[in-house]
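Residue indices begin at 1 and follow the sequence shown.
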Amino acid sequence: MQTVETLNEGLKRAYTVTITSKDIDARVDKEVQAIAPQVRMPGFRPGKVPANLVRKMHGESLQRDALNSSIQDSIQKLIADNKLRPAMQPSVELDETFEFGKDAEVKVELEVLPEIAAPSTDGIKLERLTAEVSDAQVDEAAGRIATQQGALEEYPASHKAKDGDTLTIDFLGKIDGEPFEGGAAEDIKLKIGSGQFIPGFEEQLSGVKKGDEKTIEITFPEDYGAEHLAGKAATFDITVKAILNGDKPKLDDDFAKSLGLEGLDKLKELLKGQIEQEHNGLTRTYMKRKLLDQLAAAHDFDVPPSMVEAEFNQIWAQLQHEASHEEDPEAALKEMEAEKDDYRAIAVRRVRLGLLLSEIGQANGVVVSDQEMNRLVMQAAQQYGPQDRERFVQYVRQDPMAAAQLRAPLYEDKVVDFLFEKAEVTDRTVSREELEAAIEADDSDLKPHVHGPDCGHDHDHAEKPKKAAPKKAAAEKAEEAPAAGEKPAKPKKAPAKKAAAEAEPAPAAEKKAPTKKAAPKKAAAKAE
């Protein structure tokens, strides 16, 4: 094998590797000798078929296999001899003029991981915001359970609807006496006084009874989401099909026992534990973001473009998926496109942080144990049916890249925990609202270059959403689109998505760039 370096620029490397025909033929001969004892041919005793006949029978496939294995071994030797650390799978291309019996010339292009100076873990200062659990929070959580568990009972036909009652209604909306698109629905549930519908809608249903038919008049707001309805006066023909009791069960020992618990104190104890876990998660999120900000500010090095592109594509695909579920997908996509460079900068930051965490972990002996890895595999296997679980387990154990992807999040958490232990941490008790506000502040204050929290760069360019168009059919779920006249739920803003994408590093690898043997482009096709 002969190797000539053709490019050494930044993190990019390129080589021309020449594999002699003698090497390829030697591999073919070795394989012929290996399979000859198993070949059967009329006129010859088992295992006595001459090598030249074996070569004639299986020559093409043996040559292809020999070529591919020669290229794979040559690439591995190239990486080892030059002490390369590939960032991604190398690009391998066989010369188009190659013919069996001649030397094979292969072009290999790859990007290498940057050399990172041993990161210092000294001098990290973090503030740990801790939110205590109040009795009011526990009571509120218990109240939500009671509301969810409570079965609404229908009032008798003589009952007149009042605030807090839930109505089941059909309606038909009209403008200038003509039904409009999306203005009809059946079996819609509406709680009077909830503010779920636009002003003037719910109030006019107070006092109705089951079976009543009533026409109400409303005017759509000027900023209503459907332009053909915005500011228009409309009527709705309402049919009241049922009026339900909106009261929720009483919070007492009997209610707790109906859930299978000893009493109300036990229910509150469990809820307090759950809320504490939520608070701990928020605390960790805040501390991790501040930690990553300090690491990003203290380290600046080139990162492999291929890794950045892969990370960006992942971020972009997720954003496109989320945009498709926004109230106005086209507007969300347009806003994304306007900030595409920002998201690419976030991809750079995430890759840099991922490499940095990997370097810190390896320098300080952070590892994921075999026991921890087995637990990860078994947990991931639970998402598959019983018949596919074993196949998944075997796949992860046989594929280094699949195992690395599964291991990466836990490895990153362990590195972060290591840095938390090394950091100088000060504690401050805050309310949950203050803790959430601190995280939200990180979401909105993004640095212009590093694009991290605390930069004072306002990315909140989104206009306030307009109210959504009426629901087209009763079969649609309420959470997918509001009913006619209903106030839509406030959508998540794109800047928050940007901050969420930025707040996490790309997966930190426990081992640097494990690569599978590359199958060369065009080699198999040429061999045929």
Colleague: Quick one: pull up CG in D427 and OG1 in T283 and give me the separation to the nearest 0.5 Å.
Modeller: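 Between D427 CG and T283 OG1, I get 9.5 Å after rounding to 0.5 Å.
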Colleague: What heavy-atom pair brings Q398 and P400 nearest, and what distance separates the two atoms?
Modeller: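 That would be O-CD, 3.4 Å.
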Colleague: Just checking D302: does its CG atom have more than 12 heavy atoms from other residues, nucleotides or ligands closer to it than 6.0 angstrom?
Modeller: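 Atom CG in D302 is not crowded, with 12 or fewer foreign heavy atoms closer than 6.0 Å.
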Colleague: Between K288 and D413, does the side chain to side chain contact (heavy atoms under 4.5 Å, CB included) criterion hold? Intermediate values first, please.
Modeller: CA-CA 10 Å; K288 182 178 177 180; D413 282 342; 4.2 Å; yes
Colleague: State which residues pass ring pair (Phe, Tyr, Trp, His ring centres under 6.0 Å) with F312; sequence neighbours excluded, sorted by chain then number.
Modeller: W316
Colleague: Is there a donor in the side chain of Q362 and an acceptor in the side chain of S358, or the other way round, less than 3.5 Å apart?
Modeller: yes
Colleague: Going by side-chain hydrogen bond (donor to acceptor under 3.5 Å, both in side chains), name the residues that satisfy it together with E132, two or more places apart in sequence or in a different chain.
Modeller: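 E132 satisfies side-chain hydrogen bond (donor to acceptor under 3.5 Å, both in side chains) with no other residue.
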Colleague: Quick check: does any side chain N or O of T6 sit under 3.5 Å from a backbone N or O of A14, one acting as donor and the other as acceptor?
Modeller: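 Checking the backbone N and O of A14 against the side chain of T6, a donor-acceptor pair under 3.5 Å is found.
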Colleague: Once ring pair (Phe, Tyr, Trp, His ring centres under 6.0 Å) is applied, do any residues pair with Y384, and if so which ones, sequence neighbours excluded?
Modeller: F392
Colleague: If I take atom CD from residue Q314 and atom CG from residue L319, how far apart are they, to the nearest 0.5 angstrom?
Modeller: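 Output value for this atom pair is 11.0 Å.
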Colleague: Return each pair, listed once, that meets salt bridge (charged side-chain N to carboxylate O under 4.0 Å, His left out) where at least one residue sits in residues 415-425; pairs must be two or more places apart or across chains.
Modeller: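 Matches after skipping sequence neighbours: R284-D417.
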Colleague: Does the side chain to side chain contact (heavy atoms under 4.5 Å, CB included) test come out yes or no for E105 and T97, once each step is laid out?
Modeller: CA-CA 9 Å; E105 189 174 278; T97 63; over 6 Å; no
Colleague: If every non-hydrogen atom of A296 is compared with every non-hydrogen atom of L353, which pair is closest and at what distance?
Modeller: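 Distance-wise, the nearest heavy atoms are N-CD2, 3.9 Å.
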Colleague: For residues D139 and K268, report the shortest heavy-atom separation together with the two atoms involved.
Modeller: OD1-NZ, 3.2 Å
Colleague: Got a salt bridge between K12 and E9, using NZ or NE/NH1/NH2 to carboxylate O under 4.0 Å?
Modeller: no
Colleague: Check S431 against A131 and note the closest heavy-atom contact, atom names and distance.
Modeller: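 For S431 and A131, the tightest heavy-atom pair comes out as C-CB, 4.0 Å.
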Colleague: For D81, I'd like to know if atom CG has over 12 heavy atoms of other residues, nucleotides or ligands within 6.0 Å.
Modeller: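 Counting other residues, nucleotides and ligands, CG of D81 exceeds 12 neighbours.
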Colleague: Rounded to the nearest 0.5 Å, what's the gap from CD1 on I19 to CG on L67? Could you check?
Modeller: 6.5 Å
Colleague: If the threshold is 4.0 Å, N to carboxylate O, is there a salt bridge linking R27 and D73?
Modeller: yes
Colleague: Run the salt-bridge test on D265 and K272 with the 4.0 Å N-O cut-off and return the result as yes or no.
Modeller: no
Colleague: Between Q383 and A380, is there a donor-acceptor pair closer than 3.5 Å when you use the side chain of the first and the backbone of the second?
Modeller: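 Side chain of Q383 to backbone of A380: a pair is present.
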Colleague: Looking at side-chain heavy atoms only, is the closest gap between L357 and L295 below 4.5 Å?
Modeller: yes
Colleague: Compute whether any side-chain donor of one residue and acceptor of the other, for Q72 and Q76, lie under 3.5 angstrom apart.
Modeller: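 Absent: no donor and acceptor within the cut-off.
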Colleague: Near Q371 CD, under 6.0 Å, is it more than 12 heavy atoms from other residues, nucleotides or ligands?
Modeller: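 No - once you tally the heavy atoms of other residues, nucleotides and ligands closer than 6.0 Å, there are 12 at most.
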Colleague: Test side chain to side chain contact (heavy atoms under 4.5 Å, CB included) on M336 and Q320; report intermediate values, then the result.
Modeller: CA-CA 8 Å; M336 283 168 49; Q320 287 178 316; 3.9 Å; yes
Colleague: How would you list all residue pairs meeting side chain to side chain donor-acceptor pair (under 3.5 Å) that involve residues 386-397, not counting sequence neighbours?
Modeller: D388-R391, E390-Q394
Colleague: One pair to check against side chain to side chain contact (heavy atoms under 4.5 Å, CB included): R350 and I315. What are the steps and the verdict?
Modeller: CA-CA 10 Å; R350 289 182 60 170; I315 294 172; 3.6 Å; yes
Colleague: May I ask you to say whether R428 pairs ionically with E127, meaning some side-chain N is under 4.0 Å from a carboxylate O?
Modeller: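 Salt bridge: yes.
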Colleague: Determine whether more than 12 heavy atoms belonging to other residues, nucleotides or ligands lie under 6.0 Å from atom NZ of K340.
Modeller: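 Yes, enclosed.
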Colleague: Can you name the side-chain hydrogen bond (donor to acceptor under 3.5 Å, both in side chains) partners of D103, sequence neighbours left out?
Modeller: none
Colleague: How long is the straight-line distance from CG of L267 back to CG of L251, given to the nearest 0.5 Å?
Modeller: 7.5 Å
Colleague: Tell me whether E269 is salt-bridged to K266, with the criterion being a basic N under 4.0 Å from an acidic carboxylate O.
Modeller: yes
Colleague: Nearest heavy-atom pair of V308 and A347: which atoms, and what distance?
Modeller: O-CB, 3.8 Å
Colleague: Count the heavy atoms of every other residue, nucleotide or ligand shown that sit under 6.0 Å from CD of E372, and state whether that count exceeds 12.
Modeller: yes
Colleague: When you measure from the side chain of R352 to the backbone of F301, do you find a donor-acceptor pair of N or O atoms at a distance under 3.5 Å?
Modeller: yes
Colleague: Considering non-hydrogen atoms only, spot the tightest contact between V112 and L84 and give its length.
Modeller: CG1-CD2, 4.1 Å
Colleague: Nearest 0.5 Å please: distance from the CG atom of L78 over to the CG atom of L110.
Modeller: 7.0 Å
Colleague: Using modelled atom types and a 3.5 Å cut-off, is there a donor and acceptor pairing between side-chain atoms of E111 and backbone atoms of S306?
Modeller: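 Yes, E111 side chain to S306 backbone: donor-acceptor pair under 3.5 Å.
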Colleague: In Å, rounded to the nearest 0.5 Å, how long is the span from CG of N82 to NZ of K77?
Modeller: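 So the CG of N82 and the NZ of K77 are separated by 9.0 Å.
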Colleague: Could you check whether any side-chain heavy atom of I124 comes within less than 4.5 Å of a side-chain heavy atom of K290, counting everything from C-beta outward?
Modeller: no
